[in-house]
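Single-structure report; data block below.
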Number of protein chains: 2
Amino acid sequence: MAISTRFSVGIHILSLIATDEKMTSDLIAGSVNTNPVVIRKIMSMLKKADLIEVRPGVAGARLARPLSRITLLDVYHAVAVVPDKELFGVHAAPNPDCPVGRNIQSTVTPIFELAQSALEKVLAHVTLDDIVSEIEQKEASSS
Amino acid sequence: MAISTRFSVGIHILSLIATDEKMTSDLIAGSVNTNPVVIRKIMSMLKKADLIEVRPGVAGARLARPLSRITLLDVYHAVAVVPDKELFGVHAAPNPDCPVGRNIQSTVTPIFELAQSALEKVLAHVTLDDIVSEIEQKEASSS
DNA sequence: AGTATTTGTAACTATATTGGTTACATGTAA
DNA sequence: TTACATGTAACCAATATAGTTACAAATACT
């Protein structure tokens with residue numbers, strides 16, 4: 001299964017907030033093309049991860065830190081698209097009476113961790129600033 | 001969501017076949033600790049991907065190529081844990097009337113592809129031979 | 001003060017995937 | 001021909017996703 005679109009939606013939301021702090025969940029939902037509650041739920045995750053500041057009743061949101069200090073990895077973790085650091089599932093209880101069964105987990109897990117951290121490293125090296133700049137650039141060159 | 005355990009089970013299955021070609025789905029299920037049908041379904045995928053040779057009615061299976069020429073990436077693709085090359089889901093129809101909406105997909109997709117290929121590169125560089133050798137080493141040193 | 005607007009959740013839905021299970025047809029070999 | 005294996009179909013429970021309705025609580029504006 002693919003990693004949830006919550007991740008790309010999260011990036012979308014933050015990009016919008018970056019360009020306009022008066023973005024309501026309704027407006028954001030219009031840009032993402034989904035339901036406002038979906039947006040609010042994701043924003044709630046972004047808030048819990050201290051990426052944005054939102055207050056009940058008051059329209060819009062603010063980034064909790066500068067764009068250049070929010071990485072895609074931060075967003076990735078914030079929207080919890082992957083169960084606490086375990087991208088790869090490993091079958092739980094292989095037979096300890098079998099040479100393969102009793103060693104497969106400890107053999108495979110470090111490789112999975114390598115692969116996972118290779119992926120996360122890429123995400124960690126891209127900031128929201130990169131995203132927003134790229135979007136602005138595309139807008140400028142298409143005018 | 002985590003990547004399906006079909007992947008780690010697939011590696012488990014192939015490791016068993018590598019050490020004993022007379023492994024039936026029942027025996028393998030005993031080592032993996034699951035139902036034989038689960039094993040047969042995964043073996044069916046491994047067969048379709050030309051990683052193993054199995055014949056209905058005849059017990060066991062053979063590797064279709066040497067251990068050293070089967071990578072974890074081959075297995076990963078074979079068991080289809082990820083929808084055809086798209087590890088990251090991207091929300092489908094953002095609003096084209098919004099600067100962010102109309103550019104988010106094309107901005108984010110290449111980054112996702114980078115991250116995905118970083119992950120796959122790690123998997124491509126590990127062969128089943130590495131896995132089996134590691135297991136044998138652990139067995140030898142624990143005796 | 002009171003109304004309108006917004007966030008924050010709870011609760012529910014439809015859909016899909018996972019992992020497991022039973023049942024059985026088909027193929028092979030002793 | 002008996003026994004055993006593979007190959008699938010069909011089904012199940014549990015879970016995740018994405019969307020939706022409904023509504024409480026907080027805030028802002030007139």
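Below, chain A is the first sequence line, B the second, and so on; all start at residue 1.
Within the 4.0 angstrom heavy-atom criterion, base atoms lie near A:Val38. Residue contacts for A:Val58: at a heavy-atom cut-off of 4.0 Å it reaches the sugar-phosphate backbone alone, with no base atom in range. Within 4.0 Å (heavy atoms only), B:Lys47 reaches sugar-phosphate atoms of the nucleic acid but no base atom. Nucleic acid contact class of A:Gly60 (heavy atoms, under 4.0 Å, all strands): sugar-phosphate only.
Between A:Arg102 and A:Asp97 the shortest heavy-atom distance is NH1-C, 3.6 Å. Nearest heavy-atom pair, A:Asp130 versus A:His125, reported as atom, atom and distance to 0.1 Å: OD2-O, 4.0 Å. Heavy atoms only, all atoms of each residue included: B:Gln105 and B:Ala93 are closest at NE2-N, 4.4 Å. Residues A:Val75 and A:Gly10 approach most closely at CG1-C, 4.1 Å, considering heavy atoms. A:Thr127 and A:Ser68 make their closest contact through CG2-O, 3.4 Å (heavy atoms, listed as atom of the first residue, atom of the second, distance).
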Give me, pair by pair, the N or O atoms of the protein and of nucleotides 15-17 of chain C that are less than 3.5 Å apart, along with how far apart they are.
none

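Following rounding to the nearest Å, A:Leu27 (CG) and C:dT7 (P) show an atom-to-atom distance of 9 Å. Atoms CZ (A:Arg55) and C1' (C:dT7) sit 11 Å apart, rounded to a whole Å. The distance from atom CD1 of A:Ile52 to atom P of C:dT7 is 10 Å, rounded to the nearest whole Å. Protein atom CZ of A:Arg40 is 11 Å distant from nucleotide atom P of C:dT9, rounded to whole Å. The distance from atom CD1 of A:Ile17 to atom C1' of C:dT7 is 13 Å, rounded to the nearest whole Å. Between the CE atom of A:Met45 and the P atom of C:dG8 there is a distance of 13 Å, given to the nearest Å. Spacing between atom CD1 of B:Ile42 and atom P of C:dG19 amounts to 8 Å, rounded to whole angstrom units. Across the protein-nucleic acid pair, A:Met43 atom CE and C:dT6 atom P stand 13 Å apart, rounded to whole Å.
Distance check: B:Ile104 CD1 to A:Lys138 NZ gives 9.0 Å after rounding to the nearest 0.5 Å.
Contact between the side-chain N/O atoms of B:Thr34 and the OP1/OP2 oxygens of C:dG19 is not found at any separation under 4.0 Å. Residue B:Thr5 places none of its side-chain N or O atoms closer than 4.0 Å to OP1 or OP2 of C:dT18.
Position along DNA chain D of the nearest nucleotide to B:Lys41 versus B:Ser25 favours B:Ser25 as the more 5'-ward residue. Place A:Ala59 and B:Val37 on DNA chain D by their nearest nucleotides, and B:Val37 ends up nearer the 5' end.
A donor atom on one side chain and an acceptor atom on the other are found under 3.5 Å apart for B:His12 and B:Ser31. A donor atom on one side chain and an acceptor atom on the other are found under 3.5 Å apart for B:Asp74 and B:Thr71.
Taking 4.5 Å as the limit, some side-chain heavy atom of A:Arg65 sits within range of a side-chain heavy atom of A:Ile70. Between A:Leu123 and A:Phe7, some side-chain heavy-atom pair lies under the 4.5 Å cut-off.
First and last contacts of DNA chain D with chain A, using any nucleotide atom under 4.0 Å from a protein heavy atom and ordered 5' to 3', fall at D:dT17 to D:dA28.
Of the candidates C:dT18, C:dG20, C:dT7, C:dT7 carries the atom nearest the A:Pro56 side chain, counting heavy atoms from C-beta on.
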